[in-house]
Amino acid sequence: MSAPKRFLVKNISEETVLCGEEFNHAKNVLRLSEGSEVTLFDGNGAEYGAVITKIGKSEMILHTVRKGISERDPKADMYLLVGALKGDKTELVVQKATELGVRKIGVFSSKYCSAYMNENKFSRLNRVAAEASKQCFRASVPEIFYFDSLEKAVLSAEGYGDKLFACEFISESEKEIGEIGKSVALIVGSEGGFTREEFEFAKGQGFQGVTLGKRILRAETAAIAFLSVAAYFTGELK
Ligand code: SAM
């Protein structure tokens, strides 16, 4: 038997109303009927088993039957900061980062960054994070932030136990990724990469440079590879 279908609802109570896109998906795409069992999650880590009790034209009512504990939510506290990427590459990174277990994602602009951000793109990133959380069985959806400079992005990582900066122009890492703890902030640049001043600024705020090898990786490859290795060492891939 396949796992119950999952729906993201901000306010879950004993009788929960499902409307909008989630309602449409449940009724018209999945064709769920009254009596079907589903899972509701609130995006903040809470998950509930529920039964559809009434289906109307524009909403359905679900009766919450039990509170579940999401075993699949990230235990480590990983924060990915990534330069805004061209086309739909930022969405790709947000999707993969969600699956790999980040709790927070910061997208930033920097000196050599040529992609821009607007309200539509930002909403789309949040939708991608919600969709990916649903698909990978997380009960929490990563928070997404936008910073209009690298400096603001760097400052937003204050308090993390380890702070690593993927730097394309260093040949030796200042910290081994294998030595990180469970609280870590990671910075990866956009297609244009970083200036030396940006790297120095981040170092002044406690970031340590990391090389990802001899080859220059595309920004999205670098983000996913860097995060995958960090996720492994924080225990999120076990
Ligand atoms: N435009 C830059 C250049 O010509 O050297 C390359 C930027 S690279 C496409 C985008 C980002 O991926 C970099 O800013 C860095 O964060 C990361 N990156 C790519 N390859 C890397 C490597 N070998 N070591 C560390 N970081 C790397």
Side-chain angles (χ1 to χ4, degrees), residues 1-80 82 84-85 87-107 115-147 156 227 236:
M1 207 174 84
S2 61
K5 300 296 177 199
R6 298 168 64 76
F7 298 94
L8 175 60
V9 190
K10 286 285 164 212
N11 299 309
I12 301 173
S13 58
E14 212 172 307
E15 302 297 319
T16 298
V17 179
L18 197 68
C19 52
E21 274 180 35
E22 292 291 75
F23 164 77
N24 194 33
H25 189 66
K27 186 181 176 193
N28 301 321
V29 180
L30 299 172
R31 299 187 175 279
L32 297 179
S33 50
E34 288 174 5
S36 299
E37 276 210 38
V38 301
T39 300
L40 302 178
F41 69 107
D42 70 355
N44 290 317
E47 202 172 82
Y48 298 82
V51 174
I52 300 173
T53 52
K54 191 164 176 235
I55 301 183
K57 276 202 173 127
S58 59
E59 58 181 42
M60 61 176 68
I61 311 293
L62 298 107
H63 179 67
T64 306
V65 286
R66 67 185 161 276
K67 185 168 196 281
I69 296 168
S70 174
E71 295 294 338
R72 310 193 204 212
D73 253 9
K75 306 276 181 295
D77 191 3
M78 295 192 291
Y79 181 22
L80 176 70
V82 60
L85 304 178
D88 56 7
K89 298 281 171 48
T90 315
E91 289 172 23
L92 175 86
V93 171
V94 165
Q95 184 192 63
K96 304 308 172 208
T98 303
E99 293 169 31
L100 289 165
V102 296
R103 285 210 193 151
K104 253 168 59 169
I105 301 171
V107 179
Y116 65 95
M117 182 61 66
N118 59 27
E119 242 172 70
N120 271 352
K121 284 187 170 209
F122 190 69
S123 312
R124 175 93 195 116
L125 292 182
N126 279 291
R127 280 206 299 281
V128 168
E131 229 8 85
S133 301
K134 203 194 248 193
Q135 175 272 324
C136 74
F137 289 79
R138 283 177 66 146
S140 66
V141 178
E143 281 187 281
I144 304 188
F145 301 88
Y146 176 68
F147 303 102
S156 75
L227 186 56
E236 284 301 323

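Because the structure is predicted, anything quoted here is derived from the model rather than measured.
By the neighbour-count criterion of 12 heavy atoms within 6.0 Å, atom NZ of Lys10 is densely surrounded, having more than that number from other residues, nucleotides or ligands. More than 12 heavy atoms of other shown residues, nucleotides or ligands fall within 6.0 angstrom of atom NZ in Lys121. For Glu15, the CD atom counts as densely surrounded, since its 6.0 Å shell holds more than 12 non-hydrogen atoms of other residues, nucleotides or ligands.
Rounding to the nearest 0.5 angstrom, the gap separating the CZ atom in Arg103 from the CG atom in Asp73 is 8.0 Å. Going from atom CG of Asn24 over to atom CG of Leu18 covers 10.0 Å, rounded to the nearest 0.5 Å. Atoms OG1 and CE, from Thr16 and Met60 in turn, are 12.5 Å apart once rounded to the nearest 0.5 Å. Note: Leu125 CG to Ile144 CD1 = 5.0 Å, rounded to the nearest 0.5 Å. The line from CG of Asn126 to CD of Glu131 is 12.5 Å long, rounded to the nearest 0.5 Å. The distance from the CG atom of Asp88 to the CZ atom of Arg124 is 8.5 Å, given to the nearest 0.5 Å.
The shortest non-hydrogen separation linking Ala84 to Thr90 is C-OG1, 4.0 Å. Considering all non-hydrogen atoms of both residues, Cys136 and Thr98 come closest at SG-O, 4.3 Å. Here the closest non-hydrogen pair linking Leu32 and Ile52 is CB-CD1, 3.8 Å. For Ala130 against Leu8, the heavy-atom pair with the smallest separation is CB-CD2, 3.6 Å. For Gly56 against Phe23, the heavy-atom pair with the smallest separation is O-CZ, 3.4 Å.
The closest donor-acceptor contact from the side chain of Gln95 to the backbone of Val128 lies at 3.5 Å or more, if one exists at all. Proximity of a side-chain donor or acceptor of Asn28 to a complementary backbone N or O of Arg31 within less than 3.5 Å is not detected. Using a distance-only test at 3.5 Å, with no hydrogens or angles considered, a donor-acceptor pair links the side chain of Thr53 to the main chain of Ile61. Proximity of a side-chain donor or acceptor of Arg138 to a complementary backbone N or O of Ser70 within less than 3.5 Å is not detected. No side-chain donor-acceptor contact under 3.5 Å links Thr64 to the backbone of Ala50. Between the side chain of Glu236 and the backbone N or O of Lys75 there is at least one donor-acceptor pair closer than 3.5 Å.
Here the side chains of Ile55 and Lys27 are in contact, with some heavy-atom distance below 4.5 Å. Two residues are said to be in side-chain contact when any heavy atoms from C-beta on lie closer than 4.5 Å; Leu30 and Phe7 meet this criterion. Side chains of Phe145 and Ser156 form no contact here, defined as non-hydrogen atoms less than 4.5 Å apart. A 4.5 Å side-chain heavy-atom check between Val9 and Tyr48 finds every atom pair outside the cut-off. For the pair Lys5/Thr39, no side-chain contact is recorded, criterion being any heavy-atom separation below 4.5 Å from C-beta on. Residues Cys19 and Ser58 have side chains not in contact (no heavy-atom distance under 4.5 Å, counting atoms from C-beta outward). When side chains are defined from C-beta on, Phe122 does not count as touching Val107, because their heavy atoms never get closer than 4.5 Å. Using a 4.5 Å heavy-atom cutoff, the side chains of Val93 and Leu80 are in contact.
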Evaluation steps, side chain to side chain contact (heavy atoms under 4.5 Å, CB included), between Lys134 and Phe41: CA-CA 8 Å; Lys134 203 194 248 193; Phe41 69 107; 3.8 Å; yes
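Between Glu47 and Arg72 there is no salt bridge, since no side-chain nitrogen of the basic residue lies less than 4.0 Å from a carboxylate oxygen of the acidic one. Looking at Glu37 and Arg66, a side-chain N of the basic residue comes within less than 4.0 Å of a carboxylate O on the acidic one, giving a salt bridge.
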